[in-house]
There are 2 protein chains.
Amino acid sequence: MANIKDVARMAGVSIATVSRVLNEYPYVAKDKQEKVRAVMKELNYSVNGNAVKLIKGKTNTIGVIVPYNNNSCYDELINGILKKAHELHYQVLLLPSYYENVIESSYLTLLKKKMIDGILLTSHTLHPEQILALSEWGKIVCCEACPVEHVPSVFPDRFAAYIEVFTYLKNKGYNRIHFTSGRDFQSSPSTRLRIQAFQETITVAYENQFFDQCFDYQDGKRVGDLMFRNSIVPDAIFTNGDEVAAGIIASAQTHGYSYMQDFEIIGEENTPLSEILGFPSVDYHQTAIGEQAVSLLLSDEYARIQIRHQLNFRARTEASALS
Amino acid sequence: MANIKDVARMAGVSIATVSRVLNEYPYVAKDKQEKVRAVMKELNYSVNGNAVKLIKGKTNTIGVIVPYNNNSCYDELINGILKKAHELHYQVLLLPSYYENVIESSYLTLLKKKMIDGILLTSHTLHPEQILALSEWGKIVCCEACPVEHVPSVFPDRFAAYIEVFTYLKNKGYNRIHFTSGRDFQSSPSTRLRIQAFQETITVAYENQFFDQCFDYQDGKRVGDLMFRNSIVPDAIFTNGDEVAAGIIASAQTHGYSYMQDFEIIGEENTPLSEILGFPSVDYHQTAIGEQAVSLLLSDEYARIQIRHQLNFRARTEASALS
DNA sequence: GCTTGACTTGAAATGCATTTCATTCTTTAC
DNA sequence: GTAAAGAATGAAATGCATTTCAAGTCAAGC
């Protein structure tokens, strides 16, 4: 495979000149320019991207750490990331962590190895110290609220959303309000926030009103079966994620209860699912978060930007369409 | 930042020895090994990944070209890809094409630039010649059936699935069978296959039974409104994707028709949606396709592997849950 | 006619790690 | 006791492009 040396030799110029043509520097004589271009075409030459990365010390690549890719809640976020990165001529390395701390921290070392210019964290298990320890080698931006200072982040105002949802449900006079979550409160900050928001708004607490380990439709069905197995039915349920909500709705039906007649449900992420089934859902504007996270990552500023959520109620026509 | 030279100097050995320690070669004296490791720790040293890539001529990175990331039909596929790639110690560059040929072919040149070892194509607009022209620089595997030889691929047997669905509907005695598709038949091979399968199985053709430009829930509602606006209602509808099917079901309801009583519908991709709404869906086993595509990409074999689909009927209990 | 500034060009240093080749020193084997 | 095999190590070549520095040409300006 041809390299810059071959091109230089065949064009009868120095490699410096070839490099100048390659990078469209001014001050290269027209005839040599054309000659070099002709030779490059003839030899079917391309720069070696790794040589460029090596000498420039820059890769134009960012890493995005996600737990998995089969949870639709990351679709919008990643889409925003891809869009903005493409706009700014950066490429995106998708790094699945499977929520394993060892894997996550191995990804952070990609910064030290100069293989990426920065990292975007979505949901993670990393401790702030782990992040800060590596951030001297490249910028790390978090797409969730980070408990410590110094970690730049663009994040949804989850706590405000939780408060808003619980308040809304409380004001409707509901007594039995269930809610679900993903990882347990020890590993997940958002689960802790959820519980905290609950405690700050709802006074009536009872057993079996909180269910964690909910991630997808099947989990929703599973906890739905727990919720509806006896005759005491919840007035309302606030789920993490629309898929979980959908699973609960499906489970409720098999137990003879129906969403809207017998209980209210509010989901999260505002996916097509909530639109289709007609339940309200909290939209965290993840596309915007993704875009702004990339912008922040590639800027040299420090910021902690909170993106305002929106509690999305469905038009009744849609809601009734499937009931 | 410390490099291998610094480590060598401080440890009092040659860079060759440091490299040996780094790569765990045998034949390095224990004491020097320890000294080198100590110095590496002291200097907080990491290899420069780009230097390694440059000299080894290998990146351990593959590129995955996808049109977008906000269509859930790629979730399973990408998840399979990520999983297998991680297993084989490869990293994944996610390359959004927005269905633009220029962007797609620019990604192919990443191979020439040695920035990735191989490319996985999902849905694409590239012509076979474009693919073959670049495949001398690295392996390109297609996750859809490729019309020409020489392009290794792992793909769903869409045509067989289409035939199966249409035959199933025909055998039920239906006369009015609508079907939908995404891109028009000129740009999309699968749309062509769909039409061909229809022609080979169904004899009764009529106007307005085929609708393209369907991609999501809204499109489903849109074409649903067209299907149900007059009193002639289809017996069955075969959609591309579960979201489109859901949109049609929603639209039908607003027109006073209901899925299962008045018409049958079959979706695609077997997402939670079809499970929730209780309509059958074709599962192409995209996770398996993704995994095998990565395996094929990283092997030195040529193959065109067809993955068998499965027409997934729903248990009546689920199906009735929401009706 | 000479200075000055605008162009044009190439040699060489730089970024960093891998690997081959040659060399030296030990063992083991017969 | 000597040949053969094993262990340990470094010098130097290699992969490839960017960029600085120095030096050259040429035309405009006084």
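A note on names: the letters A, B, ... follow the listed sequences, proteins ahead of strands, and every chain is numbered from 1. Scope of the values below: all heavy atoms of this structure, side chains included, with no hydrogens, waters or symmetry mates. Owing to the predicted nature of the structure, the values given are computational and were not obtained by experimental measurement.
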NA contact type, Lys114(B), heavy-atom cut-off 4.0 Å: base, sugar-phosphate, or nothing?
nothing
Side-chain donor-acceptor contact under 3.5 Å, Thr287(B) with Asn79(B):
no
Is Asn23(A) close enough to dT18(D) that one of its side-chain N or O atoms is under 4.0 Å from OP1 or OP2 there?
yes
If we ignore angles and hydrogens, is there a donor and acceptor under 3.5 Å between the side chains of Tyr302(A) and Glu149(A)?
yes
When you check the phosphate oxygens OP1 and OP2 of dT19(C), does a side-chain N or O of Tyr25(B) lie under 4.0 Å from one of them?
yes
Can you measure Lys113(A) atom NZ to dA17(C) atom P for me and round it to whole angstrom units?
12 Å
Output the distance between atom CD (Glu87(B)) and atom CG (Leu82(B)), rounded to the nearest 0.5 Å.
12.0 Å
Just N and O in the side chain of Asn50(A): are any of them under 4.0 Å from OP1 or OP2 of dC16(D)?
no
Measure the distance from CG on Leu54(B) to P on dT18(D) and round it to the nearest whole Å.
12 Å
Looking at Lys83(A), I'd like to know if its NZ atom is crowded, meaning that more than 12 non-hydrogen atoms belonging to other residues, nucleotides or ligands lie closer than 6.0 Å.
no
Heavy-atom count check: over 12 atoms from other residues, nucleotides or ligands less than 6.0 Å from Glu129(B) CD?
yes
Can you check the Lys56(B) NZ to dA17(C) C1' distance for me, whole Å?
9 Å
Rounding to a whole Å, what distance do you find between Lys53(A):NZ and dA17(C):P?
16 Å
Side chain Tyr25(A), main chain Thr17(A), donor-acceptor under 3.5 Å:
no
Polar atom pairs between nucleotides 8-14 of chain D and protein, under 3.5 Å, N or O only, would you list them?
residue	atom	partner	partner atom	Å
dT9(D)	OP1	Lys32(B)	NZ	3.2
dT9(D)	OP2	Ala29(B)	N	2.7
dG10(D)	OP2	Ser14(B)	N	3.0
dG10(D)	OP2	Ser14(B)	OG	3.1
dG10(D)	OP2	Thr17(B)	OG1	2.6
dG10(D)	N7	Arg20(B)	NH1	3.4
dG10(D)	O6	Arg20(B)	NH2	2.7

Asp6(A) CG - dG15(D) P separation (whole Å)
10 Å
Check whether any side-chain nitrogen or oxygen of Tyr45(B) sits under 4.0 Å from OP1 or OP2 of dC16(C), and answer yes or no.
no
In this structure, how many angstroms lie between the C1' atom of dC16(D) and the NZ atom of Lys112(B), rounded?
16 Å
Once you round it to whole Å, what is the distance between P of dT18(D) and CG of Asn60(A)?
13 Å
Starting from P on dT19(C), measure out to NZ on Lys58(B) and report it in whole angstrom.
12 Å
For Lys84(A), does its backbone N or O pair with a side-chain atom of His86(A) as donor and acceptor, under 3.5 Å?
no
